[in-house]
Amino acid sequence: MSEGFSRPVAGHVPVLRLGDVLLVTLQGDLHDSTAQQLQQDLSETIAHSRVTGVVIDISGVEIVDSFLGRVLAEIAAQAELLAARTVVAGMRPAVAITLVELGLTLPGLRTALTTEAAMELLAQPIVSSRSGGLRQGSP
Amino acid sequence: MHTAAGVEACLPIRSDMDLVWVRQHVRQAAARLGFGLVDQTKLVTAASELARNTLVHGGGGQLEVSLVTADGVSGLRLAFSDSGPGIPDLERALSDGYTSGDGLGMGLGGARRLVHDFEVESVPGSGTTVRVTSWVGRPPRPREEV
Ligand SMILES: Nc1ncnc2c1ncn2[C@@H]1O[C@H](COP(=O)(O)OP(=O)(O)OP(=O)(O)O)[C@@H](O)[C@H]1O
Ligand SMILES: [Mg+2]
């Protein structure tokens with residue numbers, strides 16, 4: 001089942017289904033409400049489409065603050081409960097540096113450098129045990 | 001010892017749409033001043049945290065952007081102000097993980113780590129102003145200081 005068609009889930013966040021994986025591409029500067037809407041819509045889409053993985057491509061995102069960081073972690077936690085694994089792909093180096101300084105290390109999130117690597121990761125059998133949601137880094 | 005080169009812009013903070021404008025404006029101002037990509041990202045992220053606090057905890061307010069210079073070095077100063085409830089216990093508010101709402105409690109303390117200068121003026125019952133400044137080309141503050 002590889003219907004590679006685009007299925008808009010929220011506002012202007014494109015969500016593409018590739019086999020058993022949903023590919024979500026975040027781009028530019030997201031409104032808080034768009035991010036929240038995406039979070040809600042995604043769990044429904046996951047449950048409906050019975051995908052086993054979600055890849056969130058953030059290579060086009062210039063900043064991740066605590067709000068968006070929390071949304072990403074919560075999407076991953078929700079997906080986990082719906083039997084889908086989430087990988088956040090393509091974080092920019094400047095964003096990673098800033099997140100660590102901010103104190104958000106998002107330990108519950110799986111990451112990959114590219115969407116291709118994320119897809120490969122999801123194609124592998126599950127090795128790591130389920131990790132919790134968001135923890136704060138030490139000061 | 002700063003010489004404020006005047007207020008460059010004043011932006012309202014009344015909706016999550018305004019947060020987008022704030023981030024874009026700060027990004028452009030920082031890029032124009034010559035901040036590198038990582039420093040731009042840090043400053044915009046700090047601005048996003050502080051503007052959201054102004055909106056969510058302060059009930060809305062404004063951002064004043066100023067260009068400053070000291071000893072020939074340029075900096076960007078951002079002043080977020082609201083006339084909300086104020087912060088009764090600043091030390092606690094700055095500590096990682098403290099939130100009076102349902103946030104992560106990382107915004108205020110995290111923003112302080114992302115900028116060079118950070119000061120809060122808060123009067124319980126009448127409002128809060130958070131003023132931050134970052135300087136072009138200056139390395140981040142050593143960890144012990146923050
Ligand atoms: N402008 C403000 N007016 C009143 N209270 C504030 C203001 N800014 C911050 N605070 C207080 O300081 C606390 C800590 O702020 P901080 O930004 O660190 O966390 P948060 O906003 O609760 O969560 P997060 O930013 O991680 O989503 C807030 O919960 C709030 O009680
Ligand atoms: Mg906050």
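None of these values were measured; they are calculated from a predicted model. Below, chains carry the letters A, B, ... as their sequence lines are ordered, and counting in each starts from 1.
- Residues forming a side-chain contact (heavy atoms from CB on, under 4.5 Å) with Ala123(A) (at least two apart in sequence, or on another chain): none.
- In this structure, chain A has no heavy atom under 4.5 Å from any part of Asp18(B).
- With values rounded to the nearest 0.5 angstrom, Ser100(B) atom OG is found 11.5 Å from Asp89(B) atom CG.
- Between the side chain of Arg85(A) and the main chain of Ala79(A), no donor-acceptor pair closer than 3.5 Å is present.
- Chain A is approached within less than 4.5 Å, heavy atom to heavy atom, by Leu37(B), Val38(B), Thr41(B), Lys42(B) from residues 28-42 of chain B, ordered by number.
- In this structure, Leu16(A) CG and Leu23(A) CG are separated by 5.5 Å, a value rounded to the nearest 0.5 Å.
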TODO: Could you check Glu8(B) against Arg77(B) for salt bridge (Lys or Arg N to Asp or Glu O under 4.0 Å), going step by step and ending with a plain yes or no?
DONE: CA-CA 10 Å; Glu8(B) 189 241 354; Arg77(B) 175 177 302 165; over 6 Å; no
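- Proximity to chain A (any heavy atom under 4.5 Å) is shown, for Ala46(B), by neither the backbone nor the side chain.
- In this structure, Leu108(B) CG and Leu94(B) CG are separated by 4.5 Å, a value rounded to the nearest 0.5 Å.
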- [ ] Give the intermediate values and the outcome of side chain to side chain contact (heavy atoms under 4.5 Å, CB included) for residues Leu76(B) and Leu67(B).
- [x] CA-CA 5 Å; Leu76(B) 198 60; Leu67(B) 306 176; 3.4 Å; yes
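- Taking both residues in full, the closest heavy atoms of Val87(A) and Ala118(A) are given as CG1-CB, 3.6 Å, listed atom of the first, atom of the second, then distance.
- Gln78(A) and Ser43(A) get closest at one heavy-atom pair: OE1-OG, 3.2 Å.
- For a heavy-atom cut-off of 4.5 Å, chain A lies close to Val20(B), Arg23(B), Gln24(B), Arg27(B) in residues 20-27 of chain B.
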Throw together a table of side-chain donor-acceptor distances under 3.5 angstrom for residues 50-60 of chain B, partners on residues two or more places apart or in other chains.
{"unit_1": "Arg52(B)", "atom_1": "NE", "unit_2": "Asp32(A)", "atom_2": "OD2", "d": "2.9"}
{"unit_1": "Arg52(B)", "atom_1": "NH1", "unit_2": "Asp65(A)", "atom_2": "OD2", "d": "2.9"}
{"unit_1": "Arg52(B)", "atom_1": "NH2", "unit_2": "Asp32(A)", "atom_2": "OD1", "d": "2.8"}
{"unit_1": "Arg52(B)", "atom_1": "NH2", "unit_2": "Asp32(A)", "atom_2": "OD2", "d": "3.2"}
{"unit_1": "Arg52(B)", "atom_1": "NH2", "unit_2": "Asp65(A)", "atom_2": "OD2", "d": "3.3"}
{"unit_1": "Thr54(B)", "atom_1": "OG1", "unit_2": "Leu50(B)", "atom_2": "O", "d": "3.0"}

